[in-house]
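Lettering of chains follows the sequences in order, A, B, ..., and the numbering in each one begins at 1.
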Protein chains: 2
Amino acid sequence: MTEREALPSGGKAAYITEEVRRRIIEKEWRQGERIPDEAELAAEFGVARATVNKALQMLAEEGLLDRRRRAGTRVAVNPVRKASFSIPIVREQVEAAGMSYSHRLISQSRSPLPERHAARLGLPAGEVLIHQRAVHYGDRRPFQLEDRWINPRAVPGIETVDFHHMNANEWLVRNAPYLRAELNFSACSAGVRDARLLETKPEQALLILNRTTWNDSGPITTVRLAFHPGYVMTATT
Amino acid sequence: MTEREALPSGGKAAYITEEVRRRIIEKEWRQGERIPDEAELAAEFGVARATVNKALQMLAEEGLLDRRRRAGTRVAVNPVRKASFSIPIVREQVEAAGMSYSHRLISQSRSPLPERHAARLGLPAGEVLIHQRAVHYGDRRPFQLEDRWINPRAVPGIETVDFHHMNANEWLVRNAPYLRAELNFSACSAGVRDARLLETKPEQALLILNRTTWNDSGPITTVRLAFHPGYVMTATT
DNA sequence: TAGTGGTCTAGACCACGGA
DNA sequence: CCGTGGTCTAGACCACTAG
């Protein structure tokens, strides 16, 4: 490299990342083609190999490169790019939209786990969990409908929480960090009860997000979130 | 640290990541609390500071830690976790499910860009783009309905492609790497035409994914994907 | 201004797996 | 086997910002 053309805008690794990405996008390095190895790039850019390694690992995680020992680094043939989105606390989500947040606990009980949730959670059907239904509001209009099952054995202390004032989402985020989570997006037509709670009409199409979390002592909670019609969830990259 | 208890299962950085995560989850280090600085942890674990740095940066990206110069590293108060999912090529997605893939190009034309897409793309309404509608099938049953606008100025060479044999998704992935993408999930009721093409009934709730991609010469493509009823999109962590 | 994380380096050794 | 990426180290300097 003769000289850094653009403003670095970051460190050397960031510069190398951008430059390599540019070469891929501009087709200087073509799909499936092997690119110079770390030592060569280190020499070209005048940096240590560790710096090149960091840059290339970022691009590999991003899906633009395939790296294998001995085989070298190649431009990915079918770049399987990853998108990510953050999972915000409902209250913050509502307040970020400039609305005032409130929520209402519709029901809470200890109930045997229905079959349809048992497999997902990895618990036997019939095991007694805490079952909650709640609605989250923005400016008094329904924003999200929540149907949640909580495994009390994974969350000691939950029995004593009053969820009329603290919503379960927030309490769990702060008190039950998870190791693994799974999210499922789907769509379904609002049932009669869903429609009433969301103050919309039955058969309305709803975006559904199912989220289940685990830690090393087993499943923590599974929740079905039904969003108000028109809600759009955004992810980037 | 006296000794590594568990099987390392990775390098030292991976071990430190797991151990710190464990201390957070087990509440040895509480929310908002400051944890020892990198030098101290390096001494505790008997590793170089760079190794601790790498481990803590992973946890910070994951959202479990807040790190600031001079202020040190703290356990995040509201862990905003990120979930990610990969954006597969439709054909691979279908074949991964054990079905045989086929697709059908419904229409292709050069059309002025409607107002509703103009803002999203950052192009003036009325600019002439390529407009395509296609259906992707798994075992001859409709899997996904695609409504796509392509900016030919961002993708030289696209005019000569015959999309009856190559689907646009695949061609673009291989020939038009993007710098930035935006994804929007929503739900809507199937219109008459959607229902016919997806071989389902009108008013059926559909999961909709809008994806728009850009590179440094502007927007590349925006596409609305309507999935067959019952389809579930999964993301993890 | 001093303490903390951010980054880089030159070198080393190791693990994987293609040739 | 042996070239490649994966990881670690000891040290250095820098950038930010809290006190």
Side-chain angles (χ1 to χ4, degrees), chain A residues 1 3-4 6-21 23-24 29 32-77 79-80, chain B residues 1 3-4 6-21 23-24 29 32-77 79-80:
Chain A
M1 137 181 172
E3 197 173 290
R4 276 196 215 169
L7 51 164
S9 90
K12 298 184 185 180
Y15 172 77
I16 294 169
T17 301
E18 288 174 27
E19 173 61 14
V20 171
R21 189 188 282 117
R23 292 184 188 178
I24 294 170
W29 289 337
E33 190 174 310
R34 179 152 170 204
I35 76 172
D37 67 33
E38 294 186 349
E40 289 178 67
L41 290 173
E44 180 195 339
F45 289 107
V47 301
R49 185 169 75 92
T51 306
V52 172
N53 181 273
K54 189 175 180 183
L56 297 188
Q57 281 194 351
M58 285 196 288
L59 291 167
E61 274 180 36
E62 200 176 297
L64 277 179
L65 294 177
D66 280 337
R67 317 191 74 207
R68 291 200 319 268
R69 284 166 156 133
R70 168 81 200 201
T73 299
R74 294 177 177 276
V75 179
V77 185
V80 174
Chain B
M1 136 180 175
E3 197 172 291
R4 273 195 213 169
L7 53 163
S9 90
K12 298 184 183 179
Y15 172 77
I16 295 170
T17 301
E18 288 174 27
E19 173 62 14
V20 170
R21 190 189 281 116
R23 291 185 188 177
I24 294 171
W29 290 337
E33 190 174 310
R34 177 152 170 205
I35 76 174
D37 66 33
E38 294 185 351
E40 288 177 69
L41 290 173
E44 179 195 340
F45 288 107
V47 301
R49 184 168 76 91
T51 306
V52 172
N53 181 273
K54 190 176 179 183
L56 297 187
Q57 282 195 351
M58 285 195 288
L59 292 166
E61 273 179 36
E62 199 176 299
L64 277 179
L65 293 177
D66 281 337
R67 320 190 73 208
R68 289 203 319 269
R69 283 164 158 139
R70 167 81 201 200
T73 299
R74 293 176 178 278
V75 180
V77 186
V80 174

The dot-bracket string of DNA chain D, counting Watson-Crick and G-U wobble pairs with both distances under 3.5 Å, using [ ] for crossing pairs and | for pairs to another strand, is ||||||||||||||||||.
Minimum heavy-atom separation for A:A13 to A:K54, with atom names?
CB-CD, 4.4 Å
What residue among A:V20, A:I35, A:L59 forms side chain to side chain contact (heavy atoms under 4.5 Å, CB included) with A:V75?
A:I35
Atom pair NZ (A:K12) and CD (A:E19), whose distance is rounded to the nearest 0.5 Å
15.5 Å
Which atom pair, heavy atoms only, marks the closest approach of A:A55 to A:I16?
CB-CG2, 3.7 Å
To the nearest Å, how far apart are A:E38 CD and C:dA10 C1'?
15 Å
Nearest to the side chain of B:T73 - D:dT9, C:dG18, C:dG5?
C:dG5
Please classify the nucleic acid contact of A:A39 as base, sugar-phosphate, or nothing, using heavy-atom distances under 4.0 Å.
nothing
Selected nucleotide, minimal atom distance to A:R70 side chain, candidates C:dT9, D:dC16, C:dG17:
C:dG17
Quick check on DNA chain C: between B:R68 and A:T51, whose nearest nucleotide comes earlier from the 5' end?
B:R68
Write down the distance between CG (B:L65) and P (C:dT4), rounded to a whole number of angstrom.
16 Å
Which whole-number value in Å describes the distance from A:R67 CZ to C:dA15 C1'?
14 Å
How many whole angstroms separate atom CG of B:D37 from atom P of C:dA2?
17 Å
Of A:E44, A:E33, A:E18, which meets salt bridge (charged side-chain N to carboxylate O under 4.0 Å, His left out) against A:R23?
A:E44
Nearest whole angstrom, please: distance from the P of D:dG6 to the CG of A:D66.
11 Å
When the distance from CZ of A:R74 to C1' of D:dG5 is rounded to whole Å, what number comes out?
14 Å
Check each residue of residues 53-62 of chain B for a non-hydrogen atom within less than 4.0 Å of any atom in DNA chain D, then write out the ones that pass by number, or none.
B:K54
Using a cutoff of under 3.5 Å, can you pull out all pairs of nitrogen or oxygen atoms linking the protein to nucleotides 11-14 of chain C, with atom names and distances?
residue: C:dA12; atom: N6; partner: A:R49; partner atom: NH2; Å: 3.1

B:E40: side-chain hydrogen bond (donor to acceptor under 3.5 Å, both in side chains) partners, not counting sequence neighbours
none
Rounded to the nearest 0.5 Å, what separates atom CZ in A:R70 from atom CG in A:D37?
12.0 Å
Output side-chain donor-acceptor pairs under 3.5 Å for residues 61-68 of chain B, partner residues at least two apart or in another chain, one line each.
residue: B:E62; atom: OE1; partner: B:R21; partner atom: NH2; Å: 2.7
residue: B:E62; atom: OE2; partner: B:R21; partner atom: NE; Å: 3.2
residue: B:E62; atom: OE2; partner: B:R21; partner atom: NH2; Å: 3.2
residue: B:R67; atom: NE; partner: B:T73; partner atom: OG1; Å: 3.2
residue: B:R67; atom: NH1; partner: B:E38; partner atom: OE2; Å: 3.3
residue: B:R67; atom: NH2; partner: B:E38; partner atom: OE2; Å: 2.6

